[in-house]
Amino acid sequence: MINRYRWWEYLLIYAGMALFLVFMLAPFVEAFMVSLRPLNEVFRVPYRFIAEGMGFGNYVTIWTAQPMLLRWIMNSFGIAVAVTILSMFCSVPAAYAFARFEFRLRGSILAVFLVVSMVGAAVLIIPLYKLMLAAGLLNSYAAMIVPGAAFTVPVGIFLMRSYFMRIPAELEEAAYVDGASRLYTMRRVILPLAVPGMVVVAVTTFITAYAQQFLFALTFNSRNELNPLPVGLFQFFGHETVRWNEIMAASLVGVLPVLVLYVFLQRFIVAGLTAGAVKE
Amino acid sequence: AEELHIVNCGSDTEPQAPVQQKHIDEWVAENPDYTVRVEYLPWEQCQAKTLTLAAAGTPPAAAYMGSRVLKQLSASDQIVPIELSEEELASYEPSVISTVQIGGEVWGLPRAFSTKGLFWNKDLFAEAGLDMPEGPQTFEEMLTAAKAISEKTDAAGFGLPAADMDNTFHEFLNFLYSNGGQVVDADGNVVFDSPQNVETLAFYQELAKYSQEGPLAYERGGLEPLFKEGQIAMYTSYAAGRGKAEGVNFGVSLIPAGPQGEHSTLLITDSLVVFKGTGLEEPAQKLIKYLTAPERQAEFDKEGGWTPIRLGTDTDALIAEDPTWKPFIDAIPTGGPEPLMTDFVGMQDIAIENIQGVVLGELAPEEAATRIQEDLSALD
Amino acid sequence: MGDLKLNGVTKDFGSARVIHPTDLHIRDGDFTVFVGPSGCGKSTMLRMIAGLEDISEGTLEIDGRVVNKLPPAKRGIAMVFQSYALYPHMTVFENIAFPLRVERLPQAEVDARVNRAAEVLKLTERLGHRPGELSGGQRQRVAIGRAIVREPSVFLFDEPLSNLDAALRGEMRVELSRLHGQLGNTMIYVTHDQVEAMTMADRIVVLNGGHVEQSGTPLELFHRPANRFVAGFIGNPNMNFLSARIEAVEADGITVQIESGPRVTVPVDPDGASVGDQVTLGIRPDDLHPADEGLSCRVDVVERLGSSSVVYVFAPGGLPLCMVTDGTARCAPGEEILLGFDPADAHLFAADGKAFTRRQVPVDLAAISLKRTA
Amino acid sequence: MGDLKLNGVTKDFGSARVIHPTDLHIRDGDFTVFVGPSGCGKSTMLRMIAGLEDISEGTLEIDGRVVNKLPPAKRGIAMVFQSYALYPHMTVFENIAFPLRVERLPQAEVDARVNRAAEVLKLTERLGHRPGELSGGQRQRVAIGRAIVREPSVFLFDEPLSNLDAALRGEMRVELSRLHGQLGNTMIYVTHDQVEAMTMADRIVVLNGGHVEQSGTPLELFHRPANRFVAGFIGNPNMNFLSARIEAVEADGITVQIESGPRVTVPVDPDGASVGDQVTLGIRPDDLHPADEGLSCRVDVVERLGSSSVVYVFAPGGLPLCMVTDGTARCAPGEEILLGFDPADAHLFAADGKAFTRRQVPVDLAAISLKRTA
Amino acid sequence: MKTGRDPFPYLLLVPAVLLVGLIAAWPIIETFRLSFTDASMRPTQEYVGMENYTKFFNRDFWPVITRTLVWTTLSVSLKLILGLLGAVLLNAAVPGRALFRVLIMPPWVVPIAVGCFMWAWLYNGQFGMISGLGQRIGLFSGPFEFLAYKQAAFIATVVTDVWIGTPLVALYLLAAMQTVPADLYEAAWTDGASRFYRFRRITLPLLMPSIATMALLSTIWTFNSFDIIWILTEGGPRGSTTTMIIDTYRTAISRFRYGEGAARAVMILICLSVLSAIYLAMLLRLTRKGRAR
Ligand SMILES: Nc1ncnc2c1ncn2[C@@H]1O[C@H](COP(=O)(O)OP(=O)(O)OP(=O)(O)O)[C@@H](O)[C@H]1O
Ligand SMILES: Nc1ncnc2c1ncn2[C@@H]1O[C@H](COP(=O)(O)OP(=O)(O)OP(=O)(O)O)[C@@H](O)[C@H]1O
Ligand SMILES: [Mg+2]
Ligand SMILES: [Mg+2]
């Protein structure tokens, strides 16, 4: 009964939602409208919301205009997946250590991770480049994956840590009393229980990695067939006139898979964030 | 076979790219010891990336980039000078080769060349009742035309680019040079506070009143569709701009002359440079000389729609075939290069910031000139 | 097989001493219960025995071997946690089998042992379920199952019943007692519920603020509490305490004058008592009864439980007292009644809380069989 | 002022009927307790009365006015939640003052009312603290304080004591009873603990599976349970049930033959009974006692609580029985004992669970003052 | 849990420390070192002491830091206000809520560069939707270029940043909101508190820790927000959107003054460290209970 609304409350809520969605979706509407226009209608004054000759033609031509498009989308996906796996491989054990053990340097190491999460990669690009060079990673997927993962590890650690802290310590103690080794306990008891939290962190990392894979790819990779989508999109700029309609079509196509993924996983994300939320 | 890595700013979808690739393939066929890998990068990121590569000690063997970086690259000991024979040197117009010459040495080979002309929409001029069959020839005529068009038609008089992009400065230089102004004199001193410069700034400020809405959001690329749509009656562009004005009844004339100068233009070249420290300096030099040899370069220019780097019989034929080429070629001898300063980005930032001030009406022309003069002088 | 000795064991958390030097001997096969108020160190003690917590000083011996440095798994103990600590992602079978999996026993052996345990605990039907699908009592039994498959010599329980409702609690109490009777292992059981302590223990260890206050059989503690703390802690409802002053010390007892009350002679060993001392007289609610003369009290609240009633009264001076009577009490709130007691039922405590030893107790403590289950 | 009438009230969650049509009259000033096993619908009933949950069918009247559509605040009720629902970010003062703030009372009035409530509840010292700094009992009192400042005509409590430990629970029970005595409002109290129900209620309503099984005074329910469910639910330890067959039906009682036991005549109204019927005989643990002849039982577990003992035995045929004796029971596990009872104490239930009305009960139910506090 | 010289936790840290230490920590240290040199494109470099810092302080520091703080504060407050509003709407039990939950998320999911392209279009005066539709309905008399004027561009970049950052804030606050026990609301309702009163007196105070956490995290992210401004305005017009990170990038990467750029990067780090200290203190205070076992 507490969730019953009066008519004006409904009105207010839906009006609020509508306004919110207008703000959140306007750029997508714009992009979509642009993507439907033929090029000569893109630059047409005065502005018309519905232009002549609108259609899905661009969604067909992008694949031939940039034959690598599919490859870029796959790269983006692949790189984001790899970043996620590598990042999780590092952040999950570390978060467990921070959540459960008292050890010297714990505070300082945690602080270092915090500081790292505070530095934008943009200003570190030259030392990073030297590093990639020394490691011989340039022009490989690894060049985009490794630094991408490194900069997502700190946030991953913080999220996972609060999740681990919610798993009762007694479960581990019970396992120790039963003779299980620490690794066995972690593998058989802790990790299976942390799965919901790991899903959240993985999805967050994935989305971050997907949304922010421009700088590293641009700087550390010079092989077009390895490029992720955002870098690839810049190649639409090369024409006589920038083919904005195709760029928008390609962008929307590139965003779609992640959006679908999000739709499927959103339940877990809300629930998992709830678990991670700092309380009391 | 060793690989020559070449960074090419721009896109491989540009029309001249296949030509270049064809030439490279030919060269590789002649020099089987080497392979060539060309990496195309968007202009926005290209320079930064190439220089990051250089700073980290792994430069490409050669790169195609704006000539304005040459001074910084050579001062930083990143590129090697190109040895040209007298004959090779002589094949270039002096004003063109000057864009790559620093301290008597040639640091790169001009690859793409552009000069600017004033595009004007004949229909709009007619609509505004202007009688200028050859287009505006002086600053004053230009202002008159712009004012008339702004007042009498729906279009703006002029398309003024003033965004935070290099071509804001470039477009300004066209007018500066056409008014006899200079940024740096022959001895390398900054001379920005000259009366000519102040006058040009004042002209710009006036022009801004009859320009399209929001000049600070525009660079040249953004003006092209406006011109095409008849929203602006004039703007300056390079030769390839003609192809982008399809369907418009337009004329191209020389940049109007200021009260204290004559028709001029900014000469911009992009050039091929050879980086130091790759161990491949020699074949790289061979390759770029091969690519820029007169006949191949001409083919490249033609395909790309660039102003020909070398003048000659080909050029006359070009004009004969398409008279609109004339203003772009005629301006070459009187044109001026980009001011060669080591910190060219710094220079540009200073100039753009103050030009924007003038365009917005926030800075008086004198004030802007003094500021630019001071800041440029302080630049090391 | 399961004989534990604590010698001067202490525990410090940082600079805070949580367990003061403690000597304790827990005999093989005993059901020992640790009781005490919250925060007194019960869990800490248990966790030190389990090896989950370092021992700060002193030694812990199991079957004559010092085990201070041994990890939990090597001590031959099994622990049932207050929260059961069942693995929510495993079935009941896998939960119970967990210690055996750790030891990598062959599947056949695992099956056999788990099934045997499940039978003892009446869990056979539930082996395929997850803990989330079980009732509280069933979960409890799974936790016990996980402990018994290891066939440990010592069982540790940390308040295993505190999450259950009263009915299930009573049931589980009986089951645990029966289990102890069947297995005969040493069991150490932590609780803060003294009813559990009384009903289940062979021996009770009363802890308070990191000290052992008294250890002994439940009836010893009930009838001969060593001090006022134990007297107040053991027994439900709590013992009533009255201030008194010693009037006379004789060989067969101490005569005291109760504050705004009668004068009584309590039959205790008078060692250390002297006339004029301030003492406390303790009397259990069950031993108070309406009388023709005695303390004149005003009835405050009456709780009628059907077969018995609890009457809360205010004694002269506003001191609240509690009395339990059989059946349905007939007094009404506000009524004045006189309460009396048999001095032989009273306890007497010196000013420092130490009890004077009682001469007689209603039952022969030694004669009663300690075993409560077959 | 606080007279509640439920007329044919039902509750459906989706297609599941959780409360079956219920008529109930709760008189002004009564302390009514809802008891029943978990999931029987107690909370749902309370929440419908509070207005937190829609009533599916039927009407709820408060003081003669149908309030089905009224939001909680307009019903003149106050509710104390099981979890207390204290606002963790507010001080005790602000928690208690919350309803007054909502009403925008002037500060002076708020101060006065809160202080008065705090005094009644002995919280004056704690007014500046946050709930996190309080003990369970204190939190409980804050929750009550927040309810009483509103001066509601009806108080609703949802298992307010279930989170407390036994000692505190006892204490709070007494305090709530005293509060009711002082305020005289109508109180409706939900619990699944029948001890609470017995000690606090003027009237108990026993719910089971969404039905009202019986409603009456505690002693009525204890001594005259309407059916086997109520008999088993009320009283601790639970009533023992023995299968029996009717041998003879006479005016003054029914004679039954207990399965593998003696033959007894139970003094009940024999309405509806006929010879040969299968019936159940119920006898409370307190009413069982060792006897010279009777059921021959083997002792299983003995729990000695000090002042009383609980003995669990197996009757012939393996039926488990429970007996409570005073003091310390002297029997040992494994021992065979004979248990008997006075037939007048026995209850008799028909095959469908309905009780035969008992002729006599040990107390005169009507004569006992219902008030338990001054 | 046992403490002491147990190697296990250290083992668990190995992968993270290796990866982060190598990939992120080393460049940070290197940046520190570079800040005391005159590093540029030249292959050699010399130590110049504090010169890079004094230069920065003497010229650009105060305008840039002020602008950065205003930009950050504006953006963060908007994100929090909108995020809170969004969370409230997401939490409302009305039909269509599930759809709303999905539709609010795309800005978070979209690659930042792509998002900026879209906004660049929206802000375009001639061909963009806002100006276009605005003229249609008579909001503007002619085309309006949002990125051509100092204030407008400043606000436009903030709006885009808010657009990208709001969904995560909303999601996070929604999650926090759902941890508020339902009975608190029921209790307040029983006491007659209106929906708004309940929000103000219960939801908001209880959300405060989460809001504070988000505020700090968001401040850090916003302070470092680079792509949005770079793609939309490159710091213009007339420097009106040049925040510290843009200034640093321009100096170090565009102008190849690595030494000076490094000094500015270090300044960012110092600014953020102050914030991080606050954050860390809060985090520790908030989670101490959870750890004490
Ligand atoms: N890890 C720790 N660090 C510091 N003090 C601790 C720690 N664990 C327990 N203590 C303190 O030691 C004392 C004893 O705690 P313990 O858990 O043994 O109490 P307990 O008797 O089990 O109480 P309860 O009945 O409430 O479970 C308490 O005062 C507690 O605050
Ligand atoms: N929102 C709901 N939707 C569906 N079924 C519900 C809902 N709330 C309660 N129920 C069901 O209604 C029945 C009665 O629930 P209720 O909470 O009233 O039980 P209760 O008597 O209070 O039990 P407890 O003692 O465990 O609190 C239960 O079977 C429960 O599963
Ligand atoms: Mg404990
Ligand atoms: Mg309930």
Side-chain angles (χ1 to χ4, degrees), chain B residues 44-45 47-52 54-57 59 69 72-79 154 156 162-166 168 212-219 222-223 225-226 229 231-232 276-277 342-349 352-360 362-363 375 378-380, chain E residues 30 34 38-45 51 55 58-60 113 120-121 123-128 131 135 140-153 156 229-242 246-247 249-261:
Chain B
E44 285 78 7
Q45 289 85 30
Q47 237 137 39
K49 167 149 184 188
T50 311
L51 298 175
T52 306
V69 304
Q72 186 156 33
L73 286 175
S74 62
S76 309
D77 204 17
Q78 294 286 356
I79 53 174
D154 287 341
D164 275 80
M165 300 273 185
D166 44 13
T168 294
Q212 87 287 6
E213 138 72 18
L216 270 61
Y218 282 87
E219 42 119 14
L223 294 172
L226 288 192
E229 290 291 312
Q231 292 295 308
I232 51 177
K276 196 173 187 175
T342 311
D343 187 356
F344 68 94
V345 180
M347 168 184 71
Q348 226 165 245
D349 286 350
I352 291 172
E353 139 113 65
N354 288 288
I355 292 171
Q356 289 181 336
V358 169
V359 168
L360 287 175
E362 293 173 347
L363 284 179
D375 290 353
L379 218 54
D380 49 24
Chain E
E30 174 70 1
L34 283 176
D38 67 348
S40 71
M41 233 159 64
R42 244 170 290 123
T44 57
Q45 45 185 248
E51 193 183 303
K55 231 186 205 170
N58 290 342
R59 239 186 101 75
D60 302 328
W121 264 97
Y123 291 144
N124 187 304
Q126 301 285 351
F127 313 113
S131 171
Q135 289 174 70
F140 306 115
S141 56
F144 183 77
E145 292 289 352
F146 290 88
L147 298 180
Y149 304 95
K150 288 201 269 186
Q151 272 92 353
I229 300 180
W230 193 249
I231 293 174
L232 285 180
T233 65
E234 284 200 25
R238 289 207 76 196
S240 59
T241 55
T242 301
I246 295 285
D247 175 65
Y249 187 83
R250 211 174 245 286
T251 309
I253 310 294
S254 299
R255 295 175 66 188
F256 318 112
R257 295 168 177 252
Y258 306 134
E260 281 181 51

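Numbered from 1 within each chain, the chains take letters A, B, ... in sequence-line order.
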Exercise for review: Against chain B, label Y123(E) side chain, backbone, both or neither, depending on which of its atoms sit under 4.5 Å from a heavy atom there.
Suggested key: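 Neither part.
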Check your understanding: Tell me, side chain or backbone of F146(E) under 4.5 Å from chain B's heavy atoms, or both, or neither?
Key ->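 Neither part.
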Check your understanding: Top residue by heavy-atom pair count (under 4.5 Å) with chain B, among G125(E), A152(E), A39(E), P143(E)?
Key ->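 The candidate making the most pairs under 4.5 Å is P143(E).
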If you round to the nearest 0.5 Å, how far is [atom2] of [Y] from [atom1] of [X]?
{"X": "T242(E)", "Y": "D164(B)", "atom1": "OG1", "atom2": "CG", "result": "7.0 Å"}
{"X": "S131(E)", "Y": "E213(B)", "atom1": "OG", "atom2": "CD", "result": "7.5 Å"}
{"X": "Y218(B)", "Y": "N124(E)", "atom1": "OH", "atom2": "CG", "result": "5.0 Å"}

Pairwise side-chain contact, [X] with [Y], heavy-atom cut-off 4.5 Å (strictly under):
{"X": "E229(B)", "Y": "Q126(E)", "value": "no"}
{"X": "K150(E)", "Y": "L216(B)", "value": "no"}
{"X": "R238(E)", "Y": "L363(B)", "value": "yes"}

Review point. For A217(B) and A148(E), which heavy atoms make the closest approach, and how far apart are they?
Key: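 Closest approach of A217(B) to A148(E): N-CB, 3.6 Å.
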Tell me, for [X] versus chain E, whether the close heavy atoms (under 4.5 Å) come from the side chain, the backbone, both or neither.
{"X": "E353(B)", "answer": "both"}
{"X": "Q72(B)", "answer": "both"}
{"X": "A75(B)", "answer": "backbone"}
{"X": "L73(B)", "answer": "both"}

**Study point:** Options G222(B), G277(B), P215(B), G214(B), ranked by heavy-atom pairs under 4.5 Å with chain E, top entry
**Key:**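 Maximum pair count with chain E is reached by G214(B).
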Determine all donor-acceptor pairs shorter than 3.5 Å in which one atom belongs to a side chain in residues 229-236 of chain E; sequence neighbours excluded.
from, atom 1, to, atom 2, distance (Å)
T233(E), OG1, I229(E), O, 3.3
T233(E), OG1, G235(E), N, 3.1
T233(E), OG1, T241(E), OG1, 2.7

Review point. Which residues satisfy the side-chain contact (heavy atoms from CB on, under 4.5 Å) test with D38(E), sequence neighbours excluded?
Key: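 Applying side-chain contact (heavy atoms from CB on, under 4.5 Å) to D38(E) gives R42(E), Q45(E), E46(E), V48(E).
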